[in-house]
Amino acid sequence: QVQLQESGGGSVQAGESLRLSCKASRSTRCMAWFRQASGKEREAVAAIYSDGSPAYYTNSVKGRFTASQDNAKNTMNLQMDSLKPEDTAMYYCAAVREDHRGPCYRNDYVHWGQGTQVTVSS
């Protein structure tokens with residue numbers, strides 16, 4: 001079992017920054033950030049491999065968001081700069097199965113945190 005805990009959400013104005021963190025109980029092949037805005041489907045935002053290398057960024061956040069592995073063990077961060085109102089959503093940390101190998105696809109993420117709210121006002 002993989003336990004995930006997000007932190008760092010908040011309410012900011014457009015153009016400001018936030019940094020989210022996700023602490024995992026153990027390492028997995030991939031970890032990712034998803035978000036779900038009111039009335040929209042949950043979407044993948046960014047994903048990293050277990051060595052900290054980038055695996056995915058959704059086009060809408062490229063150049064603004066950066067996912068990284070913290071020096072602390074089993075911690076994934078999401079630095080969010082130049083935030084826009086359209087970034088408003090509940091942000092979730094996710095991980096694949098402990099024994100997952102190979103590529104990480106959307107449906108491979110089976111462990112989820114409880115989410116942290118990000119609200120960006122114009």
With no hydrogens and no angle check, is any side-chain donor or acceptor of [X] less than 3.5 Å from a backbone partner on [Y]?
X      : Y      : value
Thr116 : Gly9   : yes
Gln5   : Gly113 : no
Thr88  : Val120 : yes
Tyr57  : Ala67  : yes

Problem - side-chain contact (heavy atoms from CB on, under 4.5 Å) between Lys23 and Asn74, worked out - result: CA-CA 6 Å; Lys23 182 67 174 64; Asn74 305 325; 4.3 Å; yes
I need the minimum non-hydrogen distance between [X] and [Y], along with the two atoms involved.
X      : Y     : value
Gly8   : Leu18 : O-CD2, 3.9 Å
Leu78  : Ala46 : CD1-CB, 4.2 Å
Ser60  : Arg35 : OG-NH2, 3.3 Å
Thr28  : Ser50 : O-CB, 3.1 Å
Ser121 : Pro85 : C-CG, 4.4 Å
Ser17  : Ser82 : OG-N, 4.2 Å

Exercise for the section: Verify the distance criterion only: is there a donor paired with an acceptor across the side chains of Gln79 and Asn77 at less than 3.5 Å? Expected result: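 Checked: Gln79/Asn77 side chains show no N/O donor-acceptor pair below 3.5 Å.
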Roughly how far apart are [X] [atom1] and [Y] [atom2], rounded to 0.5 Å?
X      : Y      : atom1 : atom2 : result
Gln69  : Asp51  : CD    : CG    : 7.5 Å
Cys30  : Tyr109 : SG    : OH    : 4.5 Å
Asp70  : Met76  : CG    : CE    : 11.5 Å
Cys104 : Tyr56  : SG    : OH    : 13.5 Å
Glu98  : Ser25  : CD    : OG    : 7.5 Å
Leu20  : Glu6   : CG    : CD    : 8.5 Å

Handout entry: Arg106 atom CZ, neighbour heavy-atom count above 12 within 6.0 Å
Key =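 Enclosed.
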Exercise for the section: Determine, stepwise, if the pair Phe65 / Val45 fulfils side-chain contact (heavy atoms from CB on, under 4.5 Å). Expected result: CA-CA 9 Å; Phe65 290 11; Val45 178; 3.7 Å; yes
Practice task
Output yes when Arg29 and Asp99 qualify as a salt bridge under the 4.0 Å nitrogen-oxygen rule, no when they do not.
Solution key: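 The answer is no: the pair does not qualify as a salt bridge.
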Practice task
Run the numbers on Thr119 and Val12 for side-chain contact (heavy atoms from CB on, under 4.5 Å), then give the verdict.
Solution key: CA-CA 6 Å; Thr119 302; Val12 299; over 6 Å; no
May I ask whether [X] and [Y] are part of the same hydrophobic cluster, defined by side-chain heavy atoms of I, L, V, M, F, W, Y residues being less than 4.5 angstrom apart, directly or through others?
X      : Y     : answer
Val118 : Val61 : yes
Met90  : Trp33 : no
Met31  : Tyr91 : yes

Problem - Parallel, tilted or perpendicular: rings of Tyr92 and Trp112 (30°, 60°) - result: perpendicular
Practice task
State, with a plain yes or no, whether a side-chain heavy atom of Arg64 is found less than 4.5 Å away from one of Asp87.
Solution key: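 The answer is yes, as the side chains (C-beta and beyond) meet within the 4.5 Å cut-off.
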Handout entry: side-chain contact (heavy atoms from CB on, under 4.5 Å) between Ser21 and Arg19, intermediate numbers included
Key = CA-CA 7 Å; Ser21 294; Arg19 189 173 78 102; 4.2 Å; yes
